[in-house]
Amino acid sequence: MATTLKYLLVFDFDETIVNENSDDSVIQVAPGQDLPDWLRQTFKDGFYNQYMQRVFEYLGDKGVSLQDLRDVYSNIPLSPGMPDLFRFLFKNQDRFEIILISDANMFGIESSLKSNGYQSLFRRVISNPTTVEKNGYLTLGPYHSHTCLQCPANMCKRKVLTEYLTERSQEGVKFEKLLYVGDGANDFCPTVIFSSRDVAFPRKNYPMHQLIKKMEEKQKGTYQSMVAPWDTAESIAKYLHGLLNNS
């Protein structure tokens, strides 16, 4: 089987492609644009997915329709410079394999990507599964189970990425570089396995960036990946442009 060499470009969704946490955004369609205290108090650290399952059930009980939810997701603003980055990627699709790994949910991500015209750019979108029930409610499930102590119970992005790389390798696809654009603590986890030829793009001063800096301060050279922080995605486009010119 012939080996294909490409760059694998991985995106997070919340506060990376879009400029908000989409789980917070859906609260706009709750009665009074707020959640009751009894519901908020059911949140436990590391079990956000289960909490959001209850939020969607509550919204369904209050008569929030699928279309209401779709409208919210479709209207979440993109992060600064993201349209520029995606325009660049559409022009250079042959050089990148692009996937999305998110701890949000499939319904929300697909609604956003479709409304912005970006869905065709992604070879795969990996997120927590959503189902539309007969009563019109949106229900949310966990993506998988894992043993990583750093990640939420329902998703470890390092496990997701490792499995994806294994699958592509079995299909004869090897990647020249791994590139990862993210912002959160759960985006730090997969980049810990990166080599010195790979590139992490953490959003400047967000948890992913802070964790990288902390790891470097603790023991220099432990974090292998090259690091290119961003506050506007135009800088990512410029970096990738340079990468293609030099390859």
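Position 1 is the first residue of the sequence; numbering continues from there.
Between Q93 and S120, the shortest heavy-atom contact is OE1-O, 4.1 Å. Of all heavy-atom pairs spanning I212 and P202, the tightest one is CD1-CG, 3.9 Å. Considering every non-hydrogen atom in both S225 and T191, the closest pair reads CB-O, 4.4 Å.
Donor-acceptor pairing under 3.5 Å is recorded for the side chains of D198 and S195. Side-chain polar atoms of D103 and N154 form a donor-acceptor pair below 3.5 angstrom. With hydrogens and angles left out, the side-chain atoms of D14 and S22 include a donor and acceptor closer than 3.5 Å.
For the pair K218 and M215, the minimum side-chain heavy-atom distance is 4.5 Å or more. Side-chain contact between K174 and S169 is present, with at least one heavy-atom pair separated by less than 4.5 Å. Here the side chains of V160 and Y164 are not in contact, with every heavy-atom distance at 4.5 Å or above. For the pair D183/M208, no side-chain contact is recorded, criterion being any heavy-atom separation below 4.5 Å from C-beta on. Taking 4.5 Å as the limit, some side-chain heavy atom of L161 sits within range of a side-chain heavy atom of F194. Counting heavy atoms from C-beta on, the side chains of L243 and K177 come closer than 4.5 Å. With a 4.5 Å cut-off on side-chain heavy atoms, Y7 and L240 do not count as touching. When side chains are defined from C-beta on, F11 counts as touching L89, because their heavy atoms get closer than 4.5 Å.
Salt bridge status for R87 with D84: present, with a side-chain N to carboxylate O gap under 4.0 Å. With salt bridges taken as basic N to acidic carboxylate O contacts below 4.0 Å, none links D12 and R203.
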Checklist entry - Under the side chain to side chain donor-acceptor pair (under 3.5 Å) criterion, do S65 and D68 qualify, and how do the steps go? => result CA-CA 5 Å; S65 70; D68 294 333; 3.1 Å; yes
Item to check | Stepwise side chain to side chain contact (heavy atoms under 4.5 Å, CB included) test for R168 and L8 | outcome: CA-CA 11 Å; R168 294 302 277 142; L8 178 68; over 6 Å; no
Item to check | Criterion side chain to side chain donor-acceptor pair (under 3.5 Å) on S112 and Y118, from CA distance to verdict | outcome: CA-CA 8 Å; S112 172; Y118 297 144; over 6 Å; no
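The side chain to side chain contact (heavy atoms under 4.5 Å, CB included) check on D61 picks up E57, Y137, with sequence neighbours excluded. With sequence neighbours left out, D231 forms a side chain to side chain donor-acceptor pair (under 3.5 Å) with no residue at all.
Distance check, rounded to the nearest 0.5 Å: CZ of F201 to NE2 of H209 gives 13.0 Å. Expressed to the nearest 0.5 Å, how far CG of N75 lies from CZ of R70 amounts to 12.5 Å. Residue Y180 holds its OH atom at 10.5 Å from CD1 of I193, rounded to the nearest 0.5 Å. For the atom pair L121 CG and N116 CG, the distance stands at 12.0 Å (nearest 0.5 Å).
Checking side-chain atoms of Q210 against main-chain N and O of N205 turns up a donor-acceptor pair under 3.5 Å. A distance-only check finds no donor-acceptor pair linking the side chain of S102 to the backbone of S127 [under 3.5 Å]. With hydrogens and angles disregarded, a donor-acceptor distance shorter than 3.5 Å links the side chain of K157 to the backbone of I101.
The aromatic rings of Y58 and W38 sit perpendicular to each other, their planes meeting at more than 60°, with 30° as the lower class boundary.
By the 6.0 Å contact criterion, NE2 on H241 is open, its count of non-hydrogen atoms from other residues, nucleotides or ligands being 12 or less. Counting heavy atoms of neighbouring residues, nucleotides and ligands inside a 6.0 Å radius, atom NZ of K238 does not exceed 12 of them.
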